[in-house]
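Report on the following structure.
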Amino acid sequence: MADRIVNFNPGPAALPLEVLRTVRSEFLDYRSTGMSLIEMSHRSPEYDEINNGAMALVRELMVLSDNYKVLFLGGGASTQFAMIPFNFLGDGKAGAYVDTGSWSSKAIKEAKTIGMMHLAASSKEDSYRHIPKPSELDIPADAAYLHLTSNNTIYGTQWHDWPDAGDVPLFCDMSSDVCSRQLDFGKFSLIYAGAQKNLGPAGVTVVIIRDDLLERCKDGNPTMLDYRTHAEKDSLFNTPPAFGVYIVRLVLQWIKDQGGLAAVEKVNFKKKERIYQLLDLYPDYYRGTVEPDSRSWMNITFRLPSEDLEKKFITEAKAAGMGGLKGHRSVGGVRASMYNAVTIEGMEKLARFMEAFKKGN
Ligand SMILES: Cc1ncc(COP(=O)(O)O)c(C=O)c1O
């Protein structure tokens, strides 16, 4: 096998090697059926087992009560930006949004196109360097929902204290930190996440929705954009992204085998601590781009003293077997994305490289 790099890509991103090996070994002949899973009906008992198994693991790992539905949809997290306002805006009610970066802004744009949007808070003026304090949020009591982005993949910020929205349902885009830490997921009425960071390949979006929200879905939407369509059919209304769901199921099982969210949280804590300690140790060299209390555990963003040094850093890291460290094209700099599948050893390799690079440059 060719050498694999330490993969710091922001998404699609590193997946557990054990999972990739299982996928490879099962690819041509899925569990003695004589065909690949991608050649098989999504109405087969084999796919039923995958679909039900993946739903059950989401429930178990996130400790969800029975009044939540777990869905596996196509269209990426970006389709959720539109599906949410289509289903929940109307009757003179606005969707309240907190703008914490590019992905929140895209969700806001869709809400404005489809219905009424109320800006509850924004950190745009501060170049998205921080997450607003829960007490700063302006949430209309009659808002249809409050929408947050739990982790801002591009800017490297993450929510650590959650607002109390009262009776307003809390919705959250958890694309880039789902299943990376323990949370009281019961706080949320709707959670969605594109799978391609912590859960699997691109093409599947996990949606978790509470029953009472399903009852509030607006009539008159195209069938595929109505959450009830998918909830009533256990995500089998049309042909689902079956191969992706299969890999998501394997990744969820891998998380469970690690010891669940408590265990991956511990590892993720160690990883981020080590790298942020370097930023704190050499603040004039590795210049963190966000306020310390808003730091993301998943995407660590920083600048070097010059763009030339940043280029050199990324090039030399790549030559040393570490990929995906270039910051998003809209912000530049360096970004180390350390999702669940990036190991402590991988992170340690980066930390040692950072120390050596600073000494040499
Ligand atoms: C936080 C967040 N939300 C939404 C998206 C968009 O996801 P998709 O490409 O699945 O539409 C991304 C992609 O990186 C993301 O990081």
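Counting convention: from 1, in listed order, for ligands and their atoms alike. Worth knowing before you read on, the calculation uses all heavy atoms, side chains too, and leaves out hydrogens, waters and symmetry mates.
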Listed by chain and number, what are the salt bridge (charged side-chain N to carboxylate O under 4.0 Å, His left out) partners of Glu348, not counting sequence neighbours? Arg274, Arg352
For ligand 1, indicate whether the residue [X] contacts it via side chain, backbone, both or neither (heavy-atom separation under 4.0 Å).
X: Phe81; result: side chain
X: Lys106; result: neither
X: Ala77; result: both

At a 4.0 Å threshold, what atoms of ligand 1 neighbour a non-hydrogen atom of Gly76? 10 (O), 11 (O)
At a 4.0 Å threshold, what atoms of ligand 1 neighbour a non-hydrogen atom of Ser175? 1 (C), 2 (C), 3 (N), 4 (C), 15 (C)
Checking a contact table here: which protein heavy atom is nearest [atom], and how many Å away?
atom: atom 14 (O) of ligand 1; answer: Lys197 NZ, 2.7 Å
atom: atom 1 (C) of ligand 1; answer: Thr153 OG1, 3.4 Å
atom: atom 6 (C) of ligand 1; answer: Trp103 CZ3, 3.5 Å

Give a yes or no on whether a salt bridge exists between [X] and [Y], defined as a side-chain N under 4.0 angstrom from a carboxylate O.
X: Asp211; Y: Arg216; value: no
X: Lys109; Y: Asp99; value: no
X: Glu46; Y: Arg31; value: no
X: Asp177; Y: Arg181; value: yes

Distance-only N or O hit between ligand 1 and [X], under 3.5 Å:
X: Asn151; result: no
X: Gly75; result: no
X: Ser78; result: yes

A student comparing Asn299, Asp173, Thr205 should find that the heavy atom closest to atom 4 (C) of ligand 1 comes from Asp173
Out of Gln196, His328, Met298, Met174, who gets a non-hydrogen atom closest to atom 10 (O) of ligand 1? Gln196
Under a 3.5 Å distance rule, please check whether Asn340 uses its side chain to pair with a backbone N or O of Cys179 as donor and acceptor. yes
ring-ring contact (aromatic ring centres under 6.0 Å, His included) pairs touching residues 29-48, sequence neighbours excluded, are Tyr30-Tyr246
Can you say whether the rings of Phe357 and Tyr285 are parallel (under 30°), tilted (30 to 60°) or perpendicular (over 60°)? tilted
Lys/Arg cation over aromatic Tyr282: Lys358, 6.0 Å, 45° cone: yes
